[in-house]
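These notes concern the structure reproduced below.
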Amino acid sequence: ATTERIRATLASGSAERALLRALWALSRGAVRTGATVDVAALPPGLGGVALAGTLDALQRAALLLWERPAAGLRLADRGAPLDAWPVDWDAIDARRRIAQRRLAAMIRYAEARVCRRRVLLEYFGDDPEGGRCGGCDRCT
């Protein structure tokens, strides 16, 4: 965000504003175009367990974009073209397939006309004994 927008949005002595100022200083101004910042180098009180929540709040307010790589954090350039962002299509496809399998299992459970205990046991790979449990809504 622009300096003017930050001043208009955040209170003068706020922790969020101090964090933005520290990120600017650590990156030597490169936060505007995207920079990797070592969170351990943040001044005391600005890092720690609340850092992700504060960054999330700043992102929701559209004051910055951030992502967490393997270590540290990366402030992203909002104006970068889409091809600047690497996309792991195989991982996305794998997550989609898993989500579809889970949804199908939920639908099978909801539409089951047999013992629901049996459906659950089969889903988790157990071999249900007997035909009816006598306790679920299908067996009672």
Side-chain angles (χ1 to χ4, degrees):
T2 63
T3 305
E4 294 77 25
R5 185 153 185 285
I6 292 169
R7 285 183 182 144
T9 306
L10 300 175
S12 179
S14 70
E16 293 88 355
R17 201 159 165 182
L19 176 60
L20 288 175
R21 190 173 293 121
L23 292 171
W24 181 272
L26 283 173
S27 70
R28 296 188 178 120
V31 294
R32 193 161 305 272
T33 58
T36 300
V37 176
D38 179 12
V39 294
L42 285 170
L46 293 181
V49 294
L51 178 63
T54 304
L55 289 169
D56 286 339
L58 290 169
Q59 186 162 291
R60 280 191 303 276
L63 296 174
L64 63 73
L65 287 174
W66 80 284
E67 60 187 26
R68 185 179 320 204
L73 71 96
R74 174 155 174 76
L75 299 167
D77 178 8
R78 182 176 227 148
L82 287 178
D83 59 359
W85 304 99
V87 177
D88 185 352
W89 293 109
D90 292 333
I92 291 171
D93 193 44
R95 285 195 306 264
R96 181 187 53 77
R97 283 193 309 271
I98 291 168
Q100 286 176 330
R101 280 196 303 267
R102 288 179 178 164
L103 178 60
M106 250 194 301
I107 291 170
R108 271 194 312 278
Y109 177 80
E111 294 177 345
R113 302 216 182 269
V114 297
C115 174
R116 293 200 192 269
R117 179 180 178 276
R118 178 180 200 81
V119 174
L120 284 173
L121 287 172
E122 287 172 351
Y123 174 79
F124 287 108
D126 288 341
D127 186 25
E129 294 180 19
R132 301 175 72 79
C133 71
C136 73
D137 65 320
R138 293 294 182 191
C139 294
T140 55

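The figures here come from the full heavy-atom set of this structure, side chains too, leaving out hydrogens, waters and symmetry mates. Residue numbers run from 1 in the order of the sequence given.
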Does Arg138 use its side chain to pair, donor to acceptor, with the backbone of Ala112 at less than 3.5 Å? yes
Specify the closest pair of heavy atoms between Ala105 and Tyr123, including all atoms of both residues, with the distance to one decimal. CB-CE1, 3.4 Å
Does Arg132 offer a backbone N or O that forms a donor-acceptor pair with the side chain of Arg118 under 3.5 Å? no
Between Asp93 and Arg97, does at least one N-O distance fall below 4.0 Å, as a salt bridge requires? yes
How far does CZ of Arg116 sit from CG of Asp137, to the nearest 0.5 angstrom? 4.0 Å
Heavy-atom pair of closest approach, residues Gly134 and Cys139: N-CB, 3.4 Å
More than 12 heavy atoms from other groups under 6.0 Å of CZ on Arg28: no
When you look at CD of Gln100, are more than 12 heavy atoms from neighbouring residues, nucleotides or ligands closer to it than 6.0 Å? yes
Look up atom CG in Leu19 and atom CG in Leu64, then write down how far apart they are to the nearest 0.5 Å. 7.5 Å
Among Ile6, Thr9, Leu10, Leu23, find the one that has a side-chain contact (heavy atoms from CB on, under 4.5 Å) with Leu58. Leu10
Please determine whether the number of non-hydrogen atoms from other residues, nucleotides or ligands lying under 6.0 Å from atom CZ of Arg7 exceeds 12. no
Can you tell me if CZ on Arg17 sees more than 12 non-hydrogen neighbours from other groups inside 6.0 Å? yes
dist Leu63:CG -> Glu16:CD (nearest 0.5 Å) comes out at 9.5 Å
Looking at CZ of Arg101 and CZ of Arg96, how far apart are the two atoms once the value is rounded to the nearest 0.5 Å? 10.0 Å
Between CD of Glu111 and CE of Met106, what distance do you get to the nearest 0.5 Å? 12.0 Å
To the closest 0.5 Å, what do you measure between OG1 (Thr54) and CH2 (Trp66)? 10.0 Å
Indicate if Leu120 and Val114 have the same hydrophobic cluster label, given that clusters are the connected sets of ILVMFWY residues with side-chain heavy-atom separations under 4.5 angstrom. yes
Among residues at least two apart in sequence or on other chains, which ones pass side-chain contact (heavy atoms from CB on, under 4.5 Å) with Thr140? none
